[in-house]
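After the C-alpha cells below, expect a handful of questions from me.
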Amino acid sequence: QVQLVEFGGGSVQPGESLNLSCEVFGILFSMNQMGWYRQPPGKEREWVATITIGGSTSYTDTVKGRFTISRDNAKNTVYLLMNSLKPEDTAVYYCAASAVFASVAAQYDYWGQGTQVTVSS
C-alpha cells in the first residue's frame, strides 16, 4: 500500500521557519519525482516546489530564496524547509510523488494527506 505521510506543520509568527517532511511508503522512492503543493484557505491548490530523481529543484516565484526542497533517498523522505514565513504562506501543504516527469498536479500518482501551516502574528 502506498502512503505519503507529512509531518512538521504548525502555527508560527511571520519571519519564523518550519521544516516539513514527507515519508513515503510502498514505492521506489529514489525513482520518483517529488513535489510540494499547497492550498491556501478559499483558494485553488498551487504548486510550490519540485525535486527530480536527479536532485534538480525548481520553485514557484513566491517562495524562491525562502524555501528549500531536498530529499534523502536512504530515508524515503522529502523535505521542505520554509524560512522567512509570511501570512500568505498559510495553507495546507501536500507532498506528491510521480514515477515520470510531472509538470502539473494531475500528473502526480500519489498524494499525502496534507499538513496545516499557519503564519500569523
Side-chain angles (χ1 to χ4, degrees):
Q1 182 180 358
V2 179
Q3 276 190 297
L4 281 65
V5 183
E6 295 112 337
F7 300 96
S11 294
V12 297
Q13 295 189 341
E16 294 186 338
S17 299
L18 281 174
N19 192 19
L20 305 183
S21 60
C22 170
E23 189 171 4
V24 179
F25 303 89
I27 57 175
L28 188 55
F29 177 79
S30 63
M31 296 304 293
N32 274 262
Q33 173 180 308
M34 299 299 299
W36 284 99
Y37 283 75
R38 66 186 180 186
Q39 186 164 16
K43 296 184 179 180
E44 297 290 316
R45 181 175 52 187
E46 60 187 29
W47 170 67
V48 176
T50 297
I51 186 164
T52 67
I53 295 170
S56 298
T57 60
S58 53
Y59 302 90
T60 192
D61 286 346
T62 56
V63 309
K64 280 181 183 176
R66 300 189 298 122
F67 290 12
T68 302
I69 187 172
S70 61
R71 64 190 300 158
D72 185 337
N73 290 341
K75 295 183 179 180
N76 289 352
T77 300
V78 61
Y79 304 94
L80 186 68
L81 175 60
M82 306 185 294
N83 293 323
S84 302
L85 281 161
K86 303 176 181 180
E88 50 264 43
D89 295 317
T90 294
V92 178
Y93 283 72
Y94 300 89
C95 64
S98 175
V100 298
F101 176 77
S103 58
V104 295
Q107 294 176 309
Y108 281 87
D109 302 305
Y110 304 104
W111 292 82
Q113 80 287 355
T115 186
Q116 177 69 47
V117 171
T118 302
V119 185
S120 173
S121 55

Problem set entry | Non-hydrogen side-chain atoms of Val100 and Gln107 separated by less than 4.5 Å |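 No; the side chains remain at least 4.5 Å from each other.
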Exercise. Between the side chain of Asp109 and the main-chain N/O of Ala99, is any donor-acceptor distance below 3.5 Å?
Worked result: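 It does hold such a pair.
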Exercise. Between OH of Tyr59 and CZ of Arg66, what distance do you get to the nearest 0.5 Å?
Worked result: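 That separation rounds to 12.0 Å.
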Exercise. Just wondering, do Thr90 and Arg38 contact through their side chains at under 4.5 Å, heavy atoms?
Worked result: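 A side-chain contact under 4.5 Å is absent here.
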Exercise. Atom CE of Met34 and atom OG of Ser70: how far apart are they, to the nearest 0.5 Å?
Worked result: 11.5 Å
Exercise. Any chain of hydrophobic side-chain contacts (each under 4.5 Å) joining Val119 to Tyr94?
Worked result: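 Each belongs to a different hydrophobic cluster.
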Exercise. Rounded to the nearest 0.5 Å, what separation is found between the CG atom of Leu20 and the CZ atom of Phe7?
Worked result: 11.5 Å
For this session: Identify the heavy atoms of Thr77 and Lys75 that sit nearest to each other, and give their distance.
Result: OG1-O, 2.7 Å
Exercise. Transitively linked via ILVMFWY side-chain contacts under 4.5 Å: Val78 with Trp47?
Worked result: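 No, Val78 does not connect to Trp47 through the hydrophobic network.
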For this session: Return yes when atom CD of Glu44 has more than 12 non-hydrogen atoms of other residues, nucleotides or ligands closer than 6.0 Å, and no otherwise.
Result: no
Exercise. Met82 and Tyr93: which non-hydrogen atoms are nearest, and at how many Å?
Worked result: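 For Met82 versus Tyr93, the nearest heavy atoms are SD-CE2, 3.8 Å.
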For this session: Compute the ring centroids of Trp111 and Tyr37, then answer whether they are less than 6.0 Å apart.
Result: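 When the ring centroids of Trp111 and Tyr37 are compared, they turn out to be within the sub-6.0 Å range.
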Problem set entry | Minimal non-hydrogen separation, Asp72 against Phe29, with atom names |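 Heavy atoms of Asp72 and Phe29 come nearest at O-CE2, 3.8 Å.
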For this session: Could you pull out the closest heavy-atom pair between Gln33 and Ala102, with the gap in Å?
Result: NE2-O, 2.7 Å
Exercise. Do you reckon Val48 sits in the same ILVMFWY cluster as Tyr108, going by side-chain contacts under 4.5 Å, direct or chained?
Worked result: no
Problem set entry | Distance-minimising heavy-atom pair for Gln113 and Val5 |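 Answer, listing the atom of Gln113 first, then Val5: OE1-CA, 3.8 Å.
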For this session: Give a yes or no on whether Val24 and Met31 share a hydrophobic cluster (residues Ile, Leu, Val, Met, Phe, Trp, Tyr; joining criterion: side-chain heavy atoms under 4.5 Å apart).
Result: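 No; tracing contacts between hydrophobic side chains, which count when under 4.5 Å, never links both residues.
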Exercise. CG of Leu85 to OG of Ser11: how many Å apart, nearest 0.5 Å?
Worked result: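 Answer for the CG-OG pair, Leu85 versus Ser11, is 11.5 Å.
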For this session: Any chance you could measure Asn76, atom CG, to Arg71, atom CZ, to the nearest 0.5 Å?
Result: 9.5 Å
Exercise. Rounded to the nearest 0.5 Å, what separation is found between the CG atom of Leu81 and the CG atom of Leu18?
Worked result: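 The CG atom of Leu81 sits 9.0 Å away from the CG atom of Leu18.
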For this session: Say whether Val63 and Tyr79 are linked into one hydrophobic cluster, either directly or through other cluster members, by side-chain heavy-atom distances under 4.5 angstrom.
Result: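 No.
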For this session: Provide the closest heavy-atom pair for Ser121 versus Pro14 in the form atom of the first, atom of the second, distance.
Result: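 Looks like N-CD, 3.7 Å.
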Exercise. Is a salt bridge present between Asp61 and Lys64, judged by a nitrogen-to-oxygen distance below 4.0 Å?
Worked result: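 Judged by the 4.0 Å cut-off on N to carboxylate O distance, Asp61 and Lys64 do form a salt bridge.
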